[in-house]
Novice: 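Pasting a structure below so you can have a look.
A note on names: the letters A, B, ... follow the listed sequences, proteins ahead of strands, and every chain is numbered from 1. On a predicted model such as this, the values are computed, not experimentally measured, just so you know.
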There are 2 protein chains.
Amino acid sequence: MKPTFEDIKQQLKAKNISLSYQRLKILEYLIENRCHPTVEMIFAGLHDEIPTLSKTTIYNTLRILEEAGLVKEITTEDKEARYDIATETHGHFKCESCGTIFDFSVDIDSIIPGDLSRFVIKDKNIYFKGLCPRCL
Amino acid sequence: MKPTFEDIKQQLKAKNISLSYQRLKILEYLIENRCHPTVEMIFAGLHDEIPTLSKTTIYNTLRILEEAGLVKEITTEDKEARYDIATETHGHFKCESCGTIFDFSVDIDSIIPGDLSRFVIKDKNIYFKGLCPRCL
DNA sequence: TAATAAGATTGTAATCATTACATGTTTGTA
DNA sequence: TACAAACATGTAATGATTACAATCTTATTA
């Protein structure tokens, strides 16, 4: 179910977002590096290929892709934001020791909130913390 | 099930955390203002009563209380952190229009992650976004 | 094809929440 | 009272993010 370039190109076209070289490379990076990278990591990772790439462009691109629903910002208590290609909803687990963020599958529809009947829910996030097997 | 001062004093004593005037007032504020305040809000709210209170003290106190498990930082994509007295686990819903954060009850144990059997889970967060009844 | 306008990218400078640090104050104990 | 440890305070530094102005690219139209 991982999106391919073609999937994403289609979605961008459908939303009238032009696909510049920089945007393409940022998307490529996100698809190939499913480690929930920070802006810094994207910047460093693309620097060899696009030495002129600016962080502002990365921020702009991520904002546009997020508004288009193709990318999600992962919210942790860290001050550096992390980004994830938006696929089916899944949970995130952050190891408090090594900082790695793991995906885990979860049936989000099974979460039935008690008293949100008059609210419109647009986004659901599940975020666990603890220790990963390697750090135990 | 809301904790009282006495509950909290007991817990602090049990953890060997001394209860200064400032810490007491910050706790008092958190107990009386269940609106998930920011540091700025705590600072402004206590300024009349303690004009000399410093933001550093608020940050320090919140960190100590969080380490003691009495306070939880709420993680949203906002850059300003919000704080909550740690009660039974509940979900948070942020209205994308007015920014208000609502609590909602949820049976967190009913969330069964698929593949975290070898992980130690220490904390679970549920964070929904959308529109609240008033903004609809 | 050339002219033009709209949209993208870039780099620098500003913003702002948070943290580090040094100094001054309070508290408990002998 | 004297002392030491813990605490509070204010200022300065940090660092991620955003604002902004200038430059470059792309698409469109005549």
Novice: Got a donor-acceptor contact below 3.5 angstrom from the A:R118 side chain to the B:C132 backbone?
Specialist: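 No; judged by distance alone, with no hydrogens or angles, the pair does not exist.
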Novice: Taking the side chain of A:Y59 as heavy atoms from C-beta outward, which of D:dA16, D:dT9, C:dT10 is closest to it?
Specialist: D:dA16
Novice: Which residue lies toward the 5' end of DNA chain D, B:S20 or A:K79, if each is placed at its nearest nucleotide?
Specialist: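 Residue closer to the 5' terminus by nearest nucleotide: B:S20.
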Novice: What's the CD1-P distance between B:I64 and D:dA8, to the nearest Å?
Specialist: 7 Å
Novice: Kindly say if A:Q22 contacts the phosphate of C:dT10, meaning a side-chain N or O under 4.0 Å from OP1 or OP2.
Specialist: yes
Novice: Grab the CE-C1' distance between B:M41 and C:dA17 for me, whole Å please.
Specialist: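 Distance, rounded to whole Å: 15 Å.
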Novice: Could you tell me whether B:E67 and B:K15 make a salt bridge, using a distance below 4.0 angstrom between a side-chain N and a carboxylate O?
Specialist: no
Novice: Just checking B:T56: base, sugar-phosphate only, or nothing, at a heavy-atom cut-off of under 4.0 Å?
Specialist: base
Novice: The side chain of B:A81 lies closest to which of these nucleotides: C:dG7, C:dT18, C:dT9?
Specialist: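 Selected nucleotide (nearest to the side chain): C:dT18.
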Novice: Tell me the interatomic distance from A:I17, atom CD1, to C:dG7, atom C1', rounded to whole angstroms.
Specialist: 13 Å
Novice: Let me know the distance between CD1 of B:I42 and P of C:dA17, rounded to the nearest Å.
Specialist: 14 Å
Novice: Are B:S18 and D:dC7 close enough that a side-chain N or O sits under 4.0 Å from OP1 or OP2?
Specialist: yes
Novice: Could you walk me through whether B:E77 and B:K94 pass the salt bridge (charged side-chain N to carboxylate O under 4.0 Å, His left out) check?
Specialist: CA-CA 10 Å; B:E77 63 289 325; B:K94 189 179 82 175; 2.3 Å; yes
Novice: Could you tell me the separation between the CD atom of A:E77 and the P atom of C:dT19, rounded to a whole number of Å?
Specialist: 12 Å
Novice: How long is the line joining CG of A:N60 and P of C:dG7, in whole Å?
Specialist: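 My rounded result for the distance is 14 Å.
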Novice: Is there a side-chain polar atom (N or O) of A:R23 under 4.0 Å from OP1 or OP2 of C:dT9?
Specialist: yes
Novice: Just the rounded figure in Å: distance from P of D:dT18 to CD of A:E80.
Specialist: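 After rounding, the gap between these two atoms is 13 Å.
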Novice: To the nearest angstrom, how far is B:K55 atom NZ from C:dA20 atom P?
Specialist: 17 Å
Novice: Give B:T38 one of three labels, base, sugar-phosphate or nothing, depending on what nucleic acid heavy atoms sit under 4.0 Å from its own.
Specialist: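 The answer is nothing, as B:T38 stays clear of every strand by at least 4.0 Å.
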Novice: Any side-chain N or O of A:T52 under 4.0 Å from OP1/OP2 of C:dT10?
Specialist: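 For C:dT10, OP1/OP2 do have a side-chain N/O of A:T52 under 4.0 Å.
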Novice: Could you tell me if the side chain of B:I42 sits less than 4.5 Å from the side chain of B:L62, heavy atoms only?
Specialist: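 B:L62 vs B:I42: side chains touch.
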Novice: Give me the one residue out of B:N125, B:T76, B:T75, B:D84 that meets side-chain hydrogen bond (donor to acceptor under 3.5 Å, both in side chains) with B:H92.
Specialist: B:D84
